[in-house]
Structure formats: C-alpha cells, structure tokens
Amino acid sequence: MAATQEEIVAGLAEIVNEIAGIPVEDVQLDKSFTDDLDVDSLSMVEVVVAAEERFDVKIPDEDVKNLKTVGDATDYILKHQA
Amino acid sequence: MSKIKPSKGAPYARILGVGGYRPTRVVPNEVILEKIDSSDEWIRSRSGIETRHWASPEETVAAMSIEASGKAIADAGIDASQIGAVVVSTVSHFSQTPAVATEIADKLGTNKAAAFDISAGCAGFGYGLTLAKGLIVEGSAEYVLVIGVERLSDLTDLEDRATAFLFGDGAGAVVVGPSQEPAIGPTVWGSEGDKSETIKQTVPWDRFRIGDVSELPLDSEGNVKFPAITQEGQAVFRWAVFEMAKVAQQALDAAGITPDDLDVFIPHQANVRIIDSMVKTLKLPEHVTVARDIRTTGNTSAASIPLAMERLLATGEAKSGDTALVIGFGAGLVYAATVVTLP
Ligand SMILES: CC(C)(COP(=O)(O)OP(=O)(O)OC[C@H]1O[C@@H](n2cnc3c(N)ncnc32)[C@H](O)[C@@H]1OP(=O)(O)O)[C@@H](O)C(=O)NCCC(=O)NCCS
C-alpha cells in the first residue's frame, strides 16, 4: 500500500537520523537537507538509496539534485511510489 | 587417444608475505588546491584524504613493483627463484608491449617465471589473487607473486574538481603459496559493463595518432590534455555503497564467516565515506579493524588493498593469522571480494 505524506516524512526522519544523526523531530517538510540537516551530497546519496528501499521508488541520480528539501523528497516519493 | 598426465597442485593456497612501496614525495591537499576551486575541509570531509604520494620519474611502475615485491618475498621467507608466476595488475604502465611483469620477474631474480599483466582497475588485486590461488591449487606454480601498482598521478587531470584530489601512486605485492589449510576463501567477483561509462579514460590513445586534435579537451593554457581518468562520482558512490556491501556480504557467506568471526576489513581505498558506509551496512562489530589508509595514501587503485594490508600489519593494528575480508571495485565496473588469512 502506498505511504501517506506523514508516513513518508516520518520514514525520511528515521533515515536522516540514522545517516546524519539529526534528531527525528528536526526533519520537517520545509527543511533543506544540506543547509538545515547537515546532509551533504554524499550522505544525500545514502538517504536516497535508503528511501528507495523503504518506499519502493526509483530515484535516478539526475533527479537527486532537485530534491533540496524534505518536502521535495516527500512529493517525489508520493508521486513515484509503486 | 593418448592419456595426458594431470598436473598436481597444493591442496590450498595462502598469502605468505606482503610488501608495499610508497613514493617519497608526499602531496598535501594544499598542492591540489593550486589548480581547483576547493578546500582542505571539503576534500577531507568528502573523501577522507589528507595526503597522497606522487611518484618521481625514477619511481617507475617497474621500480616501485620491484621494491614492494622484494619486501613481500622477504616477508614470505622464500627465494625469488621459487616464484613460478608474476601477475601484475595496473592501468598506468604506458608501454603496453611487452608486459611490465616480465621486467619485474627478471630483475627480482626469478627463474624465468611466467609473467603477465592484467587490467582489472581497482579490483585488480582480488582478480590477481584469484588467479594466483588457481595456479597454485591447479599446479602450474608453487609460489605466485601478485602485484598491484599504479602511477595514477600520470592519469589525473589536476583541473578536474571531481578527481584531482583523489588519486595517488604506489605498489603493493603479496606472495601466494601452498597451504594445508584453506586460507583464501571463494572469490565473489564479476563485471557490470553496462556501467562502463561511469569510470573511464577521457580519450583513447589512438586519438592522438590521427593528428586531428581539434576535438580533444584542452587545459586552461590551451594545450591538449593528456588522457586522464574521469568518473561520474555520484553514480559510482551509489553503486559502491549499495551494491558492494552486498558483494562483501556474499563473500563472507561463501567463506562461512560471520561479521563476528572477522578481525580485519580491508576494502579498496576509494573514499573513506564508502568505507564508513560499508562498515555500517555490514554491521561490522567494534572489534573489527578497518583499513583507512586512504587518508595518507589516496586512491591507488590496484595497489590500495596490499598497501593497506602491509600498513595494518606493520603498525600492529592487524596481526598474522587474522581473518580479513578484502573487496576491490572500480572501473569496468568490476569487483572482487574474498576472505583471507593475513600473512
Ligand atoms: C568524487 C566525490 C567525492 C565527489 O563528491 P560528490 O558529492 O559526488 O560531488 P558533486 O560533484 O555531486 O558535487 C557536490 C557539491 O560539491 C561541489 N564540489 C564538487 N567538487 C568539489 C571540490 N573538489 N571541491 C569543492 N567543492 C566541490 C559541487 O560544486 C557541488 O556543490 P553544489 O551542491 O553547491 O552545486 C564522490 O562522488 C566520490 O567519491 N565518488 C566515488 C568515487 C570513487 O570512489 N571512485 C573510484 C572508484 S575506484
């Protein structure tokens, strides 16, 4: 079953916590991965790989650049999840 | 039909000795920053690299190999004349004919050992080790010298932000010989040629013969650039952290080893971030020593695993008899992973 927006944000929060050690509650829709959450370009690749597995989506390298905020990633997953 | 006598090999093979050679010149990040817009902090945080070694004109592929091999042979406690085959993995020896392995075999004083080069990028050490094991168990050689050697500084575009800071030079060698016990596990290896574009040489050599250099890349001074290694960094990073952790796990499974049984992890030294991610994914326990030689050596492709192995043994962080997981991966894309007993 497709995940809801809340479930995706919660899932991303867990992933970002695991990879960058950022508290789960800091991961909000308007937060930028690099500027607010200490997720650099390589950690972002790890976040994407973990999100692909968790939400059953494919996020190609060329799309990763456009996912600046948690909201961008959430929308992308909502739209593309299987 | 006449009956052919079969060859007779050893029951198993093991690594008996290891040696390394690092060029004298140490190059800090400050030198890299002369040609690219970057920072010491960025390079350290994205790759872990603080310094690398660059070879001088005298530190040739052959010269570095001979130094490293001499140490490996001494460490193994054998005589060079006992070596039956010399396998050299390199992508940075610029005279393709003859193979550099023959010169190395001769100068080391082997007794006309079989000698050849292989091209398997950053998986070269694992490919060479697998060949060596096969030769020994099958009976074509009693002792095999496996060398990984690179002068990647010759193939680095110092104006390319994505690779200028990454590569280094050096040689690592191991002597593989007969064993009564299994000491090199099954190799999990392969290639993914559909991703051949992700790490490659900018321009093939034969482009220079045509004489038409009009479409060749130019440096900031307008000179035609020598071929260099380029890569799609993010694609390679994704492949390495995601797919290679699986291959490493398969090599453990094939050897019947759990992460708890492991003493040492020696992945190819491509990027400390790849290493850290693999350690996490494989859930390696605290007691496992992890090679992070990349910090002071950079990425030396085929040389990185034996160089890191030698350093861990020299500093006492690892000891003879330890069980180590080794995995190499790179241009091809190719990969090879196995579990070994350290010499
Ligand atoms: C090379 C590598 C460290 C580059 O990191 P990356 O995060 O992929 O770099 P990107 O090109 O995506 O750039 C990310 C950001 O850093 C910047 N950047 C790139 N190179 C830079 C450099 N040398 N210095 C400073 N900043 C740099 C980019 O401009 C970009 O900034 P922006 O987001 O503000 O636009 C990384 O991709 C890597 O190590 N990949 C694996 C390569 C490997 O191991 N190869 C060998 C296998 S054998």
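Keep in mind that what you see is a predicted model, and the values were worked out from it rather than measured. Quick note on labels: first sequence line is chain A, next is B, and so on, each numbered from 1.
For the residue pair A/Glu18 and B/Lys280, the shortest heavy atom distance occurs at O-NZ, 2.9 Å.
B/Gln250 CD: more than 12 foreign heavy atoms inside a 6.0 Å radius. Applying the 6.0 Å contact sphere to NZ of B/Lys35 captures no more than 12 heavy atoms from other residues, nucleotides or ligands.
No part of A/Glu62 comes within reach of chain B, as not one of its non-hydrogen atoms sits under 4.5 angstrom from that chain.
Within residues 23-47 of chain A, the residues approaching chain B closer than 4.5 Å by heavy atoms are, in numerical order, A/Asp40, A/Ser41, A/Leu42, A/Ser43, A/Val45, A/Glu46.
With chain B as the partner, the residue from A/Val49, A/Asp61, A/Ile19, A/Val48 showing the most heavy-atom pairs under 4.5 Å is A/Asp61.
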